[in-house]
A.B. asks: 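The structure is given below, and queries will be raised subsequently.
In what follows, residues are counted from 1 in the order of the sequence shown.
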Amino acid sequence: MNVEGCLACDANAGRIEVPGGTIAETEHWHADHCIGPFGVGAVVVKTKEHVENLWRLPDGAANELGPFLRRISGAIVDGLGAERAYLTMWVDKPPLHVHLVVYPRWPDDPDKALDLQTRRMGEGPPSADDAAAAAERLRAHLRKH
């Protein structure tokens, strides 16, 4: 199902512009730069279909998820130079998609875990140019690996 007015569907279908465009996708998952306040290099991995809980994922989506998250988190660390890749999940706005945000913690970042997330929430989203540049670097890394 692809619903106009659903932010995830609109982003996946290209009806709204996401800085840097699609980073990677599988049959069931779509990854692009997060438009929220998780910093430069944050990637949102979301279901292509409306699914409101992990335990309701179709088998194909569940089977793809681990390997896809491994590729995305590896690209954030190895392709962007992050020290760690953190993972959080959001499923709050109908129509619902499982959204997994994989975001970097840089080697020189003094904050970790919840402190990092709280600070970034206060800072707001990165610039569209910075997000697009990070998306391109992530795509380039994924093409090589």
Side-chain angles (χ1 to χ4, degrees), residues 5-58 60-145:
C6 167
L7 180 61
C9 287
D10 289 344
N12 289 351
R15 290 188 294 268
I16 63 167
E17 186 177 339
V18 176
T22 299
I23 293 170
E25 62 185 332
T26 67
E27 181 181 348
H28 300 279
W29 296 94
H30 187 100
D32 47 39
H33 198 286
C34 183
I35 57 176
F38 287 89
V40 173
V43 176
V44 62
V45 173
K46 57 191 175 287
T47 53
K48 289 184 176 180
E49 298 293 325
H50 294 160
V51 179
E52 69 179 85
N53 296 299
L54 285 175
W55 58 91
R56 299 217 190 271
L57 287 174
N63 291 335
E64 288 177 354
L65 182 57
F68 196 52
L69 286 174
R70 182 174 57 194
R71 288 187 70 223
I72 297 298
S73 61
I76 289 170
V77 172
D78 296 334
L80 297 181
E83 185 173 3
R84 296 264 183 265
Y86 290 159
L87 175 68
T88 189
M89 184 175 88
W90 304 94
V91 187
D92 289 327
K93 284 186 167 182
L96 301 170
H97 289 254
V98 171
H99 287 76
L100 300 154
V101 180
V102 186
Y103 60 102
R105 178 170 58 82
W106 306 110
D108 62 348
D109 205 321
D111 293 323
K112 295 180 180 176
L114 187 55
D115 291 336
L116 176 64
Q117 187 172 327
T118 300
R119 188 188 85 228
R120 288 197 181 151
M121 290 291 207
E123 292 172 348
S127 76
D129 289 343
D130 290 345
E136 180 52 41
R137 289 177 57 203
L138 289 163
R139 258 192 312 279
H141 180 82
L142 290 168
R143 279 192 297 266
K144 289 191 243 177
H145 298 92

A.B. asks: If you compare all heavy atoms of Ala135 against all heavy atoms of Pro19, which two are closest, and at what distance to 0.1 Å?
C.D. replies: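 Smallest heavy-atom distance, with atoms named: CB-O, 4.1 Å.
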A.B. asks: Let me confirm one number: the CG-CD distance from Asn63 to Glu27, rounded to the nearest 0.5 Å.
C.D. replies: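 Nearest 0.5 Å value for the CG-CD distance: 10.5 Å.
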A.B. asks: What I want to find out is whether Lys46 reaches Asp32 closely enough, with some N-O distance under 4.0 Å, to be called a salt bridge.
C.D. replies: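 Salt bridge present between Lys46 and Asp32.
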A.B. asks: Quick one: CG on Leu138 to CD1 on Ile72, what's the gap to the nearest 0.5 Å?
C.D. replies: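 Between Leu138 CG and Ile72 CD1, I get 7.0 Å after rounding to 0.5 Å.
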A.B. asks: For Thr26, is there any backbone N or O sitting under 3.5 Å from a side-chain donor or acceptor partner on Glu64?
C.D. replies: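 No, because the side chain of Glu64 does not come within donor-acceptor range (under 3.5 Å) of the backbone of Thr26.
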A.B. asks: Would the number of heavy atoms belonging to other residues, nucleotides or ligands and lying under 6.0 Å from CZ of Arg56 be above 12?
C.D. replies: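 Open: at most 12 neighbouring heavy atoms sit under 6.0 Å from CZ of Arg56.
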A.B. asks: Determine the minimum heavy-atom distance between Met121 and Pro37, stating which atoms define it.
C.D. replies: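 Met121 and Pro37 have their closest heavy atoms at SD-CG, 3.3 Å.
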A.B. asks: Side-chain contact test, heavy atoms from C-beta onward, threshold under 4.5 Å: evaluate it for Asp10 versus Leu7 and give yes or no.
C.D. replies: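 The answer is no; the side chains never approach within 4.5 Å.
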A.B. asks: Report yes or no: does His97 contribute a side-chain atom to a donor-acceptor pair with the main-chain N or O of Thr47 at less than 3.5 Å?
C.D. replies: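 Side chain of His97 to backbone of Thr47, a donor-acceptor pair under 3.5 Å: yes, one is there.
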A.B. asks: Roughly how far, to the nearest 0.5 Å, is SG of Cys9 from NE2 of His50?
C.D. replies: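 Answer rounded to 0.5 Å: 3.0 Å.
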A.B. asks: Using side-chain heavy atoms (C-beta onward) and a distance below 4.5 Å, is Leu65 in contact with Leu100?
C.D. replies: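 In contact.
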A.B. asks: List the atom of Ala85, the atom of Val77, and the distance in Å for their closest heavy-atom pair.
C.D. replies: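 Answer, listing the atom of Ala85 first, then Val77: N-CG2, 4.0 Å.
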A.B. asks: Might you point out which heavy atoms bring Pro110 and Arg119 nearest each other, and give the distance in Å?
C.D. replies: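 For Pro110 and Arg119, the tightest heavy-atom pair comes out as CD-NH1, 4.4 Å.
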A.B. asks: Minimum heavy-atom separation for Gly81 to Pro107, with atom names?
C.D. replies: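 Closest approach of Gly81 to Pro107, heavy atoms only: O-CD, 3.5 Å.
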A.B. asks: Report yes if the side chains of Val51 and His28 come closer than 4.5 Å at any heavy-atom pair, otherwise no.
C.D. replies: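 Not in contact.
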A.B. asks: Aromatic rings Tyr103 and Tyr86: how do their planes relate, parallel, tilted or perpendicular, breaks at 30° and 60°?
C.D. replies: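 Rings of Tyr103 and Tyr86: perpendicular, over 60°.
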A.B. asks: Where do Arg120 and Asp109 land on the side-chain contact (heavy atoms from CB on, under 4.5 Å) test, with the steps shown first?
C.D. replies: CA-CA 11 Å; Arg120 288 197 181 151; Asp109 205 321; 3.5 Å; yes
A.B. asks: When rounded to the nearest 0.5 angstrom, what is the spacing between CD in Glu25 and NZ in Lys48?
C.D. replies: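 Going from the CD atom of Glu25 to the NZ atom of Lys48 covers 4.0 Å.
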A.B. asks: Just wondering, are more than 12 heavy atoms of other shown residues or ligands nearer than 6.0 Å to CZ in Arg70?
C.D. replies: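 Counting neighbours around CZ of Arg70, 12 or fewer heavy atoms of other residues, nucleotides or ligands fall under 6.0 Å, so no.
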A.B. asks: For Ile35, look at atom CD1 and say whether over 12 heavy atoms of other residues, nucleotides or ligands are found less than 6.0 Å away.
C.D. replies: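 Counting other residues, nucleotides and ligands, CD1 of Ile35 stays at 12 neighbours or fewer.
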A.B. asks: Distance from Trp106 atom CH2 to Ile76 atom CD1, nearest 0.5 Å?
C.D. replies: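 Going from CH2 on Trp106 over to CD1 on Ile76, the span is 8.0 Å.
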A.B. asks: Do other residues, nucleotides or ligands put more than 12 heavy atoms under 6.0 Å from Glu83 CD?
C.D. replies: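 It does: Glu83 CD has more than 12 such atoms within range.
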A.B. asks: Mind checking the NE2-CD spacing from His30 to Glu49? Nearest 0.5 Å is all I need.
C.D. replies: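 It comes to 13.0 Å.
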A.B. asks: Does atom CZ of Arg139 have more than 12 heavy-atom neighbours, drawn from other residues, nucleotides or ligands, at distances under 6.0 Å?
C.D. replies: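 Yes.
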A.B. asks: Would you say Pro126 and His33 make side-chain contact, with heavy atoms under 4.5 Å?
C.D. replies: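 With C-beta onward as the side chain, the pair touches.
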A.B. asks: In a check of side chain to side chain contact (heavy atoms under 4.5 Å, CB included) between Val102 and each of Val44, Thr88, Leu69, which one passes?
C.D. replies: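 The single option meeting the side chain to side chain contact (heavy atoms under 4.5 Å, CB included) with Val102 is Leu69.
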A.B. asks: Specify the closest pair of heavy atoms between Ala31 and Val45, including all atoms of both residues, with the distance to one decimal.
C.D. replies: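 For Ala31 versus Val45, the nearest heavy atoms are CB-CG2, 4.1 Å.
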